[in-house]
Trainee: 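First the structure, then my questions, so here it is.
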Amino acid sequence: MITSRSPLGQNLATAITAGLNIDIEEEALDWQIDHHEAKLSHDESNMIVSVADSVAPGLLPHRLVLTTDLPVGVGLGGSNAATLAGIMLADQLADLHLSETQIIETALGYEPFPAALHAALHGGMQTYDPRTERLERQAVQALQWVIYTPDQFVEASVPSHYTEQNVNAADYARFTKALAKADDNYLRNHLPLEPLRTQVTPEYFPQAEMVNRAVIQCGGYGCFVAGNGPALVCLAPIRSTRFVELLKHSLSAGQLLVTDVDTTGATIS
């Protein structure tokens, strides 16, 4: 899940194909979550289980198998995904028959970001206007989406307060339309929408700027910070057929996740 790091907060969100999957296995004496992610717990303290248990107290513990290609703790909406997964797990185990509206209303108690939750649940790119409380799904034309995450970062990569930013709601509306239409001319001249020096901390800026230059040199438009970072979203036109190959050769201090816009959203099987 990609949300914008901007003065608009998380009012623009795009679902990506990277995500998590949960298989419900046998009942157990205690919750057991099998996975290979070092930053996640394996017991009832796992966010997915804690959310599920708060939605439906007294759930019988099960063994769960969690598989994910969504990097944890880098600004790609893992907490939104875990919240929805917990609610949907409770819905299935407790046979609650929650509607989509009820799932969203419940999730807003944990993650108060309607655009991100709707994108995760329904897919696509979602925008939210807090003034009118209007949600709108945007059709997204084909672009190349590549997520860069640094191998090492010591502190928060994004500042707690915005400075030197002059972007307004109209600018973001134009940016959203450009993403939706894959507007080559606009994206080549306006990505990132705000200068990277206003999006990231001075310590992280040299690496972020290096990545942005590499993206442009390899045929892309540029990059912007995902959520609270440090992940950088790198965009390129479809016609740049060697973009990913060239970018992998250019960037050696981080990992690249090649993804796409997920048009379907969350499912339960």
Trainee: Identify each donor-acceptor pair in which a side-chain atom of residues 66-74 lies under 3.5 Å from a protein atom, sequence neighbours left out, and give them as a table.
Mentor:
residue : atom : partner : partner atom : Å
T68     : OG1  : G19     : O            : 2.9
T68     : OG1  : L70     : N            : 2.9
D69     : OD1  : G19     : N            : 2.8

Trainee: Do L20 and V65 belong to the same hydrophobic cluster, where Ile, Leu, Val, Met, Phe, Trp and Tyr are linked whenever their side-chain heavy atoms lie under 4.5 Å apart, directly or via other members?
Mentor: no

Trainee: With hydrophobic residues grouped by side-chain heavy-atom distances under 4.5 Å, do L117 and M47 end up in a single group?
Mentor: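 In one cluster: yes.
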
Trainee: In the single-linkage hydrophobic clustering (I, L, V, M, F, W, Y; side-chain heavy atoms under 4.5 Å), do L96 and L108 co-cluster?
Mentor: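 Yes; tracing contacts between hydrophobic side chains, which count when under 4.5 Å, links both residues.
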
Trainee: Same cluster for L179 and I216 if Ile/Leu/Val/Met/Phe/Trp/Tyr side chains link at under 4.5 Å?
Mentor: no

Trainee: If two hydrophobic side chains count as joined below 4.5 Å and joins carry through other members, does I238 share a cluster with L235?
Mentor: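 No; L235 is not reachable from I238 via cluster members.
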
Trainee: Taking the side chain from S157 and the backbone from V200, do they hold a donor-acceptor pair closer than 3.5 Å?
Mentor: no

Trainee: V211 versus L196: any side-chain heavy-atom pair under 4.5 Å?
Mentor: no

Trainee: Measure the acute angle between the ring planes of F175 and F224, then classify it against the limits of 30° and 60° as parallel, tilted or perpendicular.
Mentor: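 Taking F224 first and then F175, their aromatic rings stand perpendicular (interplane angle over 60°).
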
Trainee: For the residue pair L84 and A107, what are the closest heavy atoms and their distance?
Mentor: CD2-CB, 4.1 Å

Trainee: How long is the span from the CG atom in L98 to the CD1 atom in I87, to the nearest 0.5 Å?
Mentor: 8.0 Å

Trainee: Name all pairs fulfilling the side chain to side chain donor-acceptor pair (under 3.5 Å) condition that reach into residues 207-218, sequence neighbours left out, sorted by first residue then second.
Mentor: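 Every pair satisfying side chain to side chain donor-acceptor pair (under 3.5 Å) with a residue in residues 207-218: Y148-Q207.
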
Trainee: Donor-acceptor pair, H118 side chain versus F113 backbone, under 3.5 Å?
Mentor: no

Trainee: If we count only N and O atoms by modelled type, under 3.5 Å, do the side chains of Y221 and D184 hold a donor and an acceptor together?
Mentor: yes

Trainee: Is it true that a side-chain atom of H42 and a backbone atom of I33 form a donor plus acceptor pair closer than 3.5 Å?
Mentor: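 Yes, because the side chain of H42 sits within donor-acceptor range (under 3.5 Å) of the backbone of I33.
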
Trainee: Is there a side-chain contact between T263 and R137, using heavy atoms and a 4.5 Å cut-off?
Mentor: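 Yes, close enough: below the 4.5 Å cut-off.
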
Trainee: What heavy-atom pair brings C218 and S250 nearest, and what distance separates the two atoms?
Mentor: SG-OG, 3.5 Å

Trainee: Quick check: does any side chain N or O of T259 sit under 3.5 Å from a backbone N or O of W145, one acting as donor and the other as acceptor?
Mentor: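 Between the backbone of W145 and the side chain of T259 there is no qualifying donor-acceptor contact (under 3.5 Å).
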
Trainee: Of all the heavy-atom pairs spanning G123 and Q126, show the shortest one and how long it is.
Mentor: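 Scanning both residues completely, I find the closest heavy atoms to be O-NE2, 3.4 Å.
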
Trainee: Any donor-acceptor pair under 3.5 Å linking the side-chain atoms of T127 with those of D129?
Mentor: no

Trainee: Do D34 and Q32 have side-chain N/O donor and acceptor atoms under 3.5 Å apart?
Mentor: yes

Trainee: Once rounded to the nearest 0.5 Å, what's the spacing between atom CD of E100 and atom CD of E105?
Mentor: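 Interatomic distance, E100 CD to E105 CD, rounded to 0.5 Å: 12.0 Å.
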
Trainee: Checking I147 against L256 for the side-chain contact (heavy atoms from CB on, under 4.5 Å) test, could you report, in this order, the C-alpha distance in whole Å, the side-chain angles of both residues, the deciding distance, and whether it holds?
Mentor: CA-CA 6 Å; I147 312 299; L256 295 180; over 6 Å; no

Trainee: Run the side-chain contact (heavy atoms from CB on, under 4.5 Å) check on F243 and V258 step by step: do they pass?
Mentor: CA-CA 11 Å; F243 174 67; V258 179; over 6 Å; no

Trainee: State, yes or no, whether a side-chain contact exists between E44 and D53 at a heavy-atom distance under 4.5 Å.
Mentor: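 No; the side chains remain at least 4.5 Å from each other.
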
Trainee: Given 3.5 Å as the limit, does a donor-acceptor pair link the side chain of Q144 with the main chain of P237, or not?
Mentor: yes

Trainee: Is it the case that over 12 heavy atoms from other parts of the model lie below 6.0 angstrom from the CD atom of E245?
Mentor: yes

Trainee: Taking all non-hydrogen atoms of both residues, which atom of P192 and which atom of Q199 are closest, and how far apart?
Mentor: CB-NE2, 3.6 Å

Trainee: Answer yes or no: is there a donor N or O on one side and an acceptor on the other, between the side chain of N189 and the main chain of N185, under 3.5 Å?
Mentor: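 A pair under 3.5 Å: yes.
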
Trainee: Under 4.0 Å between a side-chain nitrogen and a carboxylate oxygen: does that hold for D183 and K177?
Mentor: no

Trainee: Taking the side chain from Q138 and the backbone from A180, do they hold a donor-acceptor pair closer than 3.5 Å?
Mentor: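 No: the side chain of Q138 does not pair with the backbone of A180.
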
Trainee: With distance as the sole test, does N80 use its side chain to make a donor-acceptor pair with the main-chain N or O of A116 at under 3.5 Å?
Mentor: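 No; judged by distance alone, with no hydrogens or angles, the pair does not exist.
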
Trainee: Sub-3.5 Å donor-acceptor pair from the side chain of R174 to the main-chain atoms of Y186, do we have one?
Mentor: no

Trainee: Would you mind reporting whether I104 and P114 have side-chain heavy atoms less than 4.5 Å apart?
Mentor: no

Trainee: With ILVMFWY side chains joined below 4.5 Å, transitively, what does Y128's cluster contain besides itself?
Mentor: L135

Trainee: How close do S45 and S41 get, counting heavy atoms only, and between which atoms?
Mentor: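 Smallest interatomic distance, heavy atoms only, reads OG-OG, 3.2 Å.
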
Trainee: Side-chain contact, heavy-atom cut-off 4.5 Å: L232 with Y204?
Mentor: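 L232 reaches Y204 side chain to side chain.
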
Trainee: At what distance, to the nearest 0.5 angstrom, does CG of N228 lie from CG of L76?
Mentor: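 The CG atom of L76 is 11.0 Å from CG of N228, to the nearest 0.5 Å.
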
Trainee: Main chain of G219, side chain of S240: is a donor-acceptor contact present, judged purely on distance under 3.5 Å?
Mentor: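 Flag set: sc S240 to bb G219 pair under 3.5 Å.
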
Trainee: Under a 4.5 Å cut-off applied to non-hydrogen side-chain atoms, are N46 and L40 in contact?
Mentor: yes

Trainee: Taking all atoms of both residues into account, what is the closest heavy-atom pair of L247 and V146, and its distance?
Mentor: CD2-CG1, 4.3 Å

Trainee: Side chains of H35 and L64, heavy atoms from C-beta outward: is any pair under 4.5 Å?
Mentor: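 Contact flag for H35/L64 side chains = no.
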
